Amino acid sequence: MIRKESAAGRVTRVAFLTLWLVITVFPLYWITITSFKAPGDIFAFPIAYWPKSFSLENYSGLFGKARFGDYLSNSLIVATVAGTVATAISVLSAYVLARFEFRSKSALLMAALVTQMIPSFIALGPLYMMMTQLNLVDNRLGLILVYIAVCIPFSTVMLRGFFENIPDALEEAAMIDGCSRFGALFRVLLPVMKPGIVAAFIFNFVNCWNELFLSVTLMNSDANKTIPTALNGFISSFNIDWGSMSAAAVLTIVPTMVLFAFASRHIVQGLTSGAVKG
């Protein structure tokens with residue numbers, strides 16, 4: 001028997017959800033409003049929750065003085081290449097872990113999970129020394145390789161779950177019809193896995209797009225800096241350029257919000273759609 005929600009319970013639930021929404025959305029709103037304020041109006045008192053006039057000075061300064069276009073292109077190249085390669089490798093490794101039994105399988109899964117529990121900054125020292133010896137410091141290729149290594153474990157575990165939800169009968173039927181194992185993987189399983197693969201790529205892309213510690217450590221010159229490193233550069237010992245930082249944050253958040261919205265649809269589709277109708 002389903003109990004009806006009381007009026008008091010409904011009011012409490014709506015009030016709690018409204019408060020949670022305000023707490024979540026207000027920082028985004030404040031960053032956006034600050035980015036459209038003139039530098040002299042940011043610290044005006046009393047506080048203006050809606051500016052009297054909108055200014056694009058902060059945005060024009062980003063591309064005119066701060067070389068934000070270079071940072072944007074660097075982040076786009078690094079995140080796209082690292083996300084694509086990490087997803088491709090994760091698809092193959094997840095397939096092996098889902099379809100084959102071998103002695104070190106449990107150890108590999110445990111290692112992939114343990115790496116997610118270790119903060120990345122712990123390995124910054126040894127990683128910097130290794131990348132220095134390989135002449136990959138302040139090099140986009142070096143940062144891409146590091147990001148690929150960081151993204152593979154979680155993506156592998158994630159995609160393994162998708163593979164395990166696909167019945168073995170689908171792959172066996174393709175092999176009976178003449179497909180090799182690789183043919184069955186690429187012609188039958190991957191099309192069914194498309195929502196999971198897209199979700200894994202978007203997760204890897206956003207993870208690389210937002211990463212700060214590794215980028216700050218490995219990138220020194222302005223020509224190779226990524227967006228998180230550029231945002232960190234707006235903070236000095238005695239001053240914070242709130243206008244430029246807010247404008248850069250808005251331009252950084254918009255792509256990730258779109259990608260997360262796109263990823264959520266694919267994740268739901270991958271979890272709810274069945275490969276074989278019962």
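The model shown is predicted, which means the values in this text are computed figures rather than measured ones. Counting begins at 1 with the first residue of the sequence.
Separation of atoms OG1 (T18) and CZ (R13) is listed at 10.0 Å; rounding is to 0.5 Å. To the nearest 0.5 Å, the span separating CZ on F100 from CZ on R181 amounts to 4.0 Å.
Without hydrogens or angle criteria, S75 side chain to L72 main chain gives no donor-acceptor distance under 3.5 Å. Judged by distance alone, the side chain of N210 and the main-chain N or O of P228 form no donor-acceptor pair under 3.5 Å.
Taking the six-membered ring for Trp and thresholds of 30 and 60 degrees, Y29 and W50 have nearly parallel ring planes, at less than 30 degrees apart.
Within 6.0 Å of the CZ atom in F26, the count of heavy atoms belonging to other residues, nucleotides or ligands exceeds 12. Counting heavy atoms of neighbouring residues, nucleotides and ligands inside a 6.0 Å radius, atom CE of M110 does not exceed 12 of them. Taking a 6.0 Å sphere around CZ of F182, one finds it holds 12 or fewer heavy atoms contributed by other residues, nucleotides or ligands. Within a 6.0 Å radius of CZ in F102, more than 12 heavy atoms belonging to other residues, nucleotides or ligands are found.
In the hydrophobic cluster analysis, where Ile, Leu, Val, Met, Phe, Trp and Tyr join through side-chain heavy atoms closer than 4.5 angstrom, V137 is grouped together with M219. Linking ILVMFWY residues whenever their side-chain heavy atoms come closer than 4.5 Å, directly or via other members, places I197 and L92 in the same cluster. In the hydrophobic clustering of ILVMFWY residues, with side-chain heavy atoms under 4.5 Å counting as a link, V157 and V85 come out apart. In the hydrophobic clustering of this structure, L19 does not group with L17; members are Ile, Leu, Val, Met, Phe, Trp, Tyr whose side-chain heavy atoms approach within less than 4.5 Å, directly or through other members. Linking Ile, Leu, Val, Met, Phe, Trp and Tyr residues whenever their side-chain heavy atoms come within less than 4.5 Å places L170 and Y95 in a single cluster.
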Name the atoms and distances for all side-chain donor-acceptor pairs under 3.5 Å in residues 199-206, with sequence neighbours left out.
from: N204; atom 1: OD1; to: S155; atom 2: OG; distance (Å): 2.7
from: N204; atom 1: ND2; to: T87; atom 2: OG1; distance (Å): 3.0
from: N204; atom 1: ND2; to: S155; atom 2: OG; distance (Å): 3.0
from: N204; atom 1: ND2; to: A200; atom 2: O; distance (Å): 3.2

With a 3.5 Å cut-off and sequence neighbours excluded, list the donor-acceptor pairs that the side chains of residues 242-255 form with protein atoms.
from: S244; atom 1: OG; to: D241; atom 2: OD2; distance (Å): 2.9
from: S246; atom 1: OG; to: W242; atom 2: O; distance (Å): 2.7
from: T252; atom 1: OG1; to: A248; atom 2: O; distance (Å): 2.6

Give the table of side-chain donor-acceptor pairs shorter than 3.5 Å for residues 139-151, with sequence neighbours excluded, one pair per line with atom names and distance.
from: N139; atom 1: OD1; to: L141; atom 2: N; distance (Å): 2.8
from: R140; atom 1: NH1; to: N74; atom 2: OD1; distance (Å): 3.0
from: Y147; atom 1: OH; to: E211; atom 2: OE1; distance (Å): 2.6

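Side-chain rings of F68 and Y59 stay apart, their centers remaining 6.0 Å or farther from each other.
Using a 4.5 Å heavy-atom threshold, the side chains of M193 and V91 count as separate. Between S215 and K225, the closest side-chain pair of non-hydrogen atoms is not below 4.5 Å. Between L127 and T217, every side-chain heavy-atom pair lies at or beyond the 4.5 Å cut-off. Contact annotation: the side chain of V11 never approaches that of F16 to less than 4.5 Å [non-hydrogen atoms, C-beta and beyond]. L212 places none of its side-chain heavy atoms less than 4.5 Å from the side chain of L231.
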### Task
Give the C-alpha distance, both sets of side-chain angles, the deciding distance and a yes or no for side-chain hydrogen bond (donor to acceptor under 3.5 Å, both in side chains) between Y71 and T226.
CA-CA 5 Å; Y71 307 146; T226 57; over 6 Å; no

#### Entry: Working for salt bridge (Lys or Arg N to Asp or Glu O under 4.0 Å), residues R99 and D168
CA-CA 8 Å; R99 288 293 191 260; D168 295 340; 3.3 Å; yes

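D138 and N224 are linked by a side-chain donor-acceptor pair at a separation below 3.5 angstrom, with hydrogens and angles left out of the test.
Minimum interatomic distance between P27 and I23 (heavy atoms only, all atoms of both residues): CD-O, 3.1 Å. M158 approaches G196 most closely through the heavy-atom pair CE-O, 4.4 Å. Across every non-hydrogen atom of E164 and A98, the tightest pair is CG-CB, 3.9 Å.
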